[in-house]
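The next block holds one structure in the form of structure tokens; read it before the comments.
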2 protein chains.
Amino acid sequence: MHTQLIAHIRKFVPISEEEAAVIASCTQVRQVKKKQPLLKEGQVCTTHYFVTKGVLRLYALTDRGTEQIIQFAIDNWWLSDYMSFDKQTPSGFYIQAVEDTTLLCIERSAQEQLFAQIPQLESYFRIVFQRAYAASLMRIQYIFCLTKEERYHHFNNAYPEFVQRIPQYMLASFLGFTPEFLSKTRAKKG
Amino acid sequence: MHTQLIAHIRKFVPISEEEAAVIASCTQVRQVKKKQPLLKEGQVCTTHYFVTKGVLRLYALTDRGTEQIIQFAIDNWWLSDYMSFDKQTPSGFYIQAVEDTTLLCIERSAQEQLFAQIPQLESYFRIVFQRAYAASLMRIQYIFCLTKEERYHHFNNAYPEFVQRIPQYMLASFLGFTPEFLSKTRAKKG
DNA sequence: CGATTTTTTGAATCATATCAACGTACGTGG
DNA sequence: CCACGTACGTTGATATGATTCAAAAAATCG
């Protein structure tokens, strides 16, 4: 399990075997079942999650009681409520497993120790967040520049395997429209 | 000019006077006039911009030839096309000054040297990007969970001074609706 | 001041949501 | 392994929020 994280880190920065062992010792493996919650609104988010296998979702409850999916995390993605994690304030989000998922968990305090011991990790996460931010801005571009139908086709072309893995109502929520609209769009051509 | 950047960095990580001098030596001050372009679609983005005074906008051209604003940068914000900057591929965006603006510019190669010489900068940018990513996800939440009218009021309450500084058609673009809609919304109450 | 840029206003149109009803699949316990 | 219940997906009719377009009014700039 840890080897997958170590391999991912080594794509970006060099770390020794000893450092890899330190990282492993500061992370806990965790198996979560489909629909199992990891964070609820009002809680302070104290954990940084790395998905080794499976899917997590970060979502919010809207005024009208519906769930709005803000982000997914799949294999080799990090997820947390970074606002709550950073400032140690109550979260406005939920984190939940979409399917049976294997995670590595790093507590905030452990992460801080790791940064102090292994400075390359600052570099690693700098790159991870830089890319996540860039991807998030691209997503905003798609949201504003494409119609909802185009958005669906674009996402479907970019991540066809992922689209197969998740329920349609979750995909609809993530893309910012209703399940009915997705159903009708799929009925048109494919 | 550099002192403002140094002060900002020191809010997050400690750096010595010598290190501050190295940072200053690797950055160029630049004054840009309103509407002056800093990046055009098709160019590779090789510069990281830090706004000390003024406003920049990152925008894309849509299929229909209109400008879609993806991000603003104001005092003490960093801006670049991080996708293009990171991978050294042609950008799909434009960067332009919204008003007369004072910038610090760091070339990609200079930034890499700085990271090698001053590891705390990795930590600084890790924090900067983590917050930018968190803010971007919050923005996606607002886009999906609020109506366009609510979005305007929310943004107007959160950043009233900024709203005064930029033309309404730019605010409308940033918030994802038309200038006409914004005009009609403002006519309602405030 | 005149010229350009930005904002306003109104009417017609369009994309997408909503609601309700029905169909299908799925997984859980008997 | 089947049957039942719940969760998920589809469909059509109607409603609505926001866009589009065009034109006029206001603000800003050289």
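Letters A, B, ... mirror the listed sequences (proteins, then strands); counts begin at 1.
- Under 3.5 Å, the side chains of A:Ser136 and B:Ser136 contain a donor-acceptor pair of N or O atoms.
- At C:dA15, none of the side-chain N or O atoms of A:Thr147 fall inside 4.0 Å of OP1 or OP2 (strictly under the cut-off).
- Checking the phosphate oxygens (OP1, OP2) of D:dA27, no side-chain nitrogen or oxygen of B:Gln168 falls inside 4.0 Å.
- Contact check for A:His48 versus A:Phe125: side-chain heavy atoms found under the 4.5 Å cut-off.
- Note on B:Ser183: a side-chain N or O is less than 4.0 Å away from OP1 or OP2 of C:dT8.
- The distance between atom OH of A:Tyr169 and atom P of D:dT11, rounded to the nearest whole Å, is 20 Å.
- Between D:dC8, C:dT5, D:dT10, one nucleotide has an atom nearer to the side chain of B:Lys35 than all others, and that is C:dT5.
- Checked against D:dC29, D:dA22, C:dT5, the side chain of B:Lys34 finds its nearest nucleotide in D:dC29.
- When distances run from any side-chain atom of B:Pro167 to the nucleotides C:dT7, C:dT18, D:dG9, the shortest one goes to C:dT7.
- In this structure, the CG atom of A:Leu182 is 16 Å from the C1' atom of C:dA15, given to the nearest Å.
- For the side-chain contact (heavy atoms from CB on, under 4.5 Å) with A:Ser173, the lone residue among A:Gln68, A:Arg57, A:Gln168 that qualifies is A:Gln68.
- Ring pair A:Tyr142/A:His154 is tilted by interplanar angle, where 30° to 60° counts as tilted.
- Put simply, NZ on A:Lys148 is 9 Å from P on C:dT18, counting in whole angstrom units.
- OP1 or OP2 of D:dG9 has not a single side-chain nitrogen or oxygen of A:Lys184 nearer than 4.0 Å.
- Rounded to whole angstrom, the span from the CG atom of A:Leu146 across to the P atom of C:dT16 amounts to 11 Å.
- Close to C:dT18, at under 4.0 Å from its OP1 or OP2, lies a side-chain N or O of A:Arg64.
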